[in-house]
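Each remark here refers to the structure printed beneath this line.
Quick caveat: nothing in here was measured; it's all calculated off a predicted structure.
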Amino acid sequence: MGQCATSPARSAAADGSGDAGEPTATAPPPPPPPSSWSGSTISAKTTSGYHVVKIDGYSRSKGVFRNGEVIRSRAFTVGGHRWRVEYYPNGNTPGCADYISVFLHLDEEAPAVGVHAQHRFRFFNETDAAAAPSPPPSLAAVEVNRFRSYASWGRAKFIRKEELERSKHLKNDSFTIRCDVVVTGEFVAKDMPEAATATTLRNGGFVTVPPSDLHRHIGDLLRTGHGADVMIKVGGKTFAAHRCVLAARSPALGVELFGSTNKKKKKKERRGKAVIRIDGMEARVFEALLRFLYADSLPEMEKNHEASMCWNLLVAADRYSMARLKAVCEEKLCDHVDAGTAVPMLALAEQLPCDGLKKACFGFLREPENLKVAMAGEGFEHLSRSFPSLVRELVAMNLAAR
């Protein structure tokens, strides 16, 4: 009664080979036949190289060559093609007359499709020359340019002349630049190794995992103010923020937000949000600091304002125990060491402390002419009074260099 179709187990019971009415597990289905898959990799053949150009006699080149007039380097070969570096001491166009212009020039007839290459110019100093050879940069984030016959691509505004003349890069009326080049050849398809294919295709090849965008989502919290539970007053401006984010990113800020007893910074509840006041900082500096707390990056800064902003951010990073921001600012300040900044930056580096910035200042002041100019400034007297040991180090270093 109520029986369904006879199963193999029931049949066995019926003929006496098993207990009647006791179910028996069904045999598992046979495994599927092995799938057939393969993979391939499409990649470009690339060749990397670099060329170093030393401008020996910068002031003469600036005085002899007018705007739009070029000096070319000796030819060099990368990727089977002949290249030269073009140097315009007074800029390549009237709009760039205040700048030095540098370009990478293809010094040959190009094929019909052109020559595809990436390049990057940067200053090259004695430290770079003394360092052990490093792998050539991939320049993966640099735009690929198509060079036609005898074409040039580069930077019309590489650096302002007045900025170069104040910088550590100009020594004894000379400076050196390095041009990294990556030439892209044909694209080829190759069989993908079995292990790599298995990893790529284990989900059928249909799933692509995007890169993490956590920093963008957290940055959106700052931009929109959603869920903000603290208002921070700095320099007459009020910022909405999230206490949990600030405390997680800066232990010192966490103390101010959750455990401060300072009357000037005592939190007051207003409309469900805590209010905290921060003194001794400009609003624009705190705004950049806040951006770094949420997005782990700094906003774009104009070149002529970068040094002052990074100086203030370095002080703020030290105040709030933000080691990464402190390192980022210290690195940027090293590029702004010149006759006018070396002494105050050296004092700042000693006070915080910042060993990398201190070394950069010492490197600049190692040159007798640079030290002579620095000693004539007002800041050197303050340095002598506040940090006499630094002055003794400077004097000993210059005596040893003679």
Please walk me through it: do Lys358 and Asp355 pass salt bridge (charged side-chain N to carboxylate O under 4.0 Å, His left out)?
CA-CA 5 Å; Lys358 180 179 178 180; Asp355 290 339; 6.0 Å; no
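- Considering only heavy atoms from C-beta on, Val52 comes within 4.5 Å of Thr176 through its side chain.
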Assess whether ring pair (Phe, Tyr, Trp, His ring centres under 6.0 Å) is satisfied between His169 and Phe175, documenting all intermediate values.
CA-CA 6 Å; His169 304 299; Phe175 69 93; 8.7 Å; no
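- Using a distance-only test at 3.5 Å, with no hydrogens or angles considered, a donor-acceptor pair links the side chain of Asn67 to the main chain of Gly91.
- Checking side-chain atoms of Lys161 against main-chain N and O of Ala97 turns up a donor-acceptor pair under 3.5 Å.
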Set out, in order, the CA-CA distance, both residues' side-chain angles and the distance that settles side-chain hydrogen bond (donor to acceptor under 3.5 Å, both in side chains) for His242 and Tyr294, then state yes or no.
CA-CA 10 Å; His242 305 77; Tyr294 278 78; 2.7 Å; yes
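- You'll find the side chain of His119 reaches within 4.5 Å of the side chain of Leu104, heavy atoms only.
- Side-chain atoms of Val115 and Val183, non-hydrogen and from C-beta on, do get closer than 4.5 Å to each other.
- Here Glu165 pairs with Lys62 in a salt bridge; the nearest charged N to carboxylate O distance falls below 4.0 Å.
- Between the side chain of Arg249 and the backbone N or O of Phe292 there is at least one donor-acceptor pair closer than 3.5 Å.
- With salt bridges taken as basic N to acidic carboxylate O contacts below 4.0 Å, none links Lys157 and Asp98.
- Taking the ring centroids of Tyr87 and Phe65, they lie at or beyond the 6.0 Å cut-off.
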Residues Tyr320, Ile278; criterion side-chain contact (heavy atoms from CB on, under 4.5 Å); working and verdict
CA-CA 12 Å; Tyr320 291 117; Ile278 293 179; 3.5 Å; yes
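- In this structure, the side chains of Met345 and His336 come closer than 4.5 Å at one or more pairs of heavy atoms.
- Under the 3.5 Å distance criterion, the side-chain polar atoms of Arg277 are left unmatched by any main-chain donor or acceptor of Lys233.
- Taking the six-membered ring for Trp, Phe76 and His51 have ring centres closer than 6.0 Å.
- Taking the side chain as every heavy atom from C-beta outward, Phe362 and Leu357 never approach each other to under 4.5 Å.
- Remark: Glu381 CD is loosely packed, at most 12 non-hydrogen atoms of other residues, nucleotides or ligands lying under 6.0 Å away.
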Before giving the answer on salt bridge (charged side-chain N to carboxylate O under 4.0 Å, His left out), spell out for Asp107 and Arg72 the whole-Å C-alpha distance, their side-chain angles and the decisive distance to 0.1 Å.
CA-CA 10 Å; Asp107 194 34; Arg72 291 190 174 92; over 6 Å; no
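- In this structure a side-chain-to-backbone donor-acceptor pair under 3.5 Å is present from Glu108 to Arg82.
- The closest donor-acceptor contact from the side chain of Thr238 to the backbone of Ile232 lies at 3.5 Å or more, if one exists at all.
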Test side-chain contact (heavy atoms from CB on, under 4.5 Å) on Arg66 and Asn90; report intermediate values, then the result.
CA-CA 6 Å; Arg66 294 175 295 181; Asn90 288 296; 5.7 Å; no
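- Side chains of Lys168 and Asn125: a donor-acceptor N/O pair is absent below 3.5 angstrom, by distance only.
- Side-chain atoms of Val70 and His105, non-hydrogen and from C-beta on, never get closer than 4.5 Å to each other.
- Within the 3.5 Å criterion, the main-chain N or O of Arg243 finds a donor-acceptor partner in the side chain of Asp229.
- Here the two rings, on Phe380 and His382, have centers that are 6.0 Å apart or farther.
- Tyr50 carries Arg178 over the face of its six-membered ring, with the cationic atom under 6.0 Å from the centre and within 45° of the normal.
- Salt bridge Glu287/Arg284: absent, no basic N to carboxylate O contact under 4.0 Å.
- The backbone N or O of Glu109 lies less than 3.5 Å from no partner atom in the side chain of Ser149, so there is not a single donor-acceptor pair.
- Residues Lys45 and Phe187 are not in side-chain contact: their nearest non-hydrogen atoms beyond the backbone lie 4.5 Å or more apart.
- The main-chain N or O of Leu246 is never found under 3.5 Å from a side-chain atom of Ser250 such that the two would form a donor-acceptor pair.
- For Phe239 and Phe286, the distance between ring centers is under 6.0 angstrom.
- Applying ring-ring contact (aromatic ring centres under 6.0 Å, His included) to Phe103 and the options Trp153, Tyr150, Phe158, Tyr88 leaves one that passes, Tyr88.
- Here the side chain of Asn92 pairs no donor or acceptor atom with the backbone of Gly68 at under 3.5 angstrom.
- No hydrogens or angles considered: nothing links the side chains of Ser167 and Asp338 as a donor-acceptor pair under 3.5 Å.
- Considering only heavy atoms from C-beta on, Ile42 stays 4.5 Å or farther from Val188 through its side chain.
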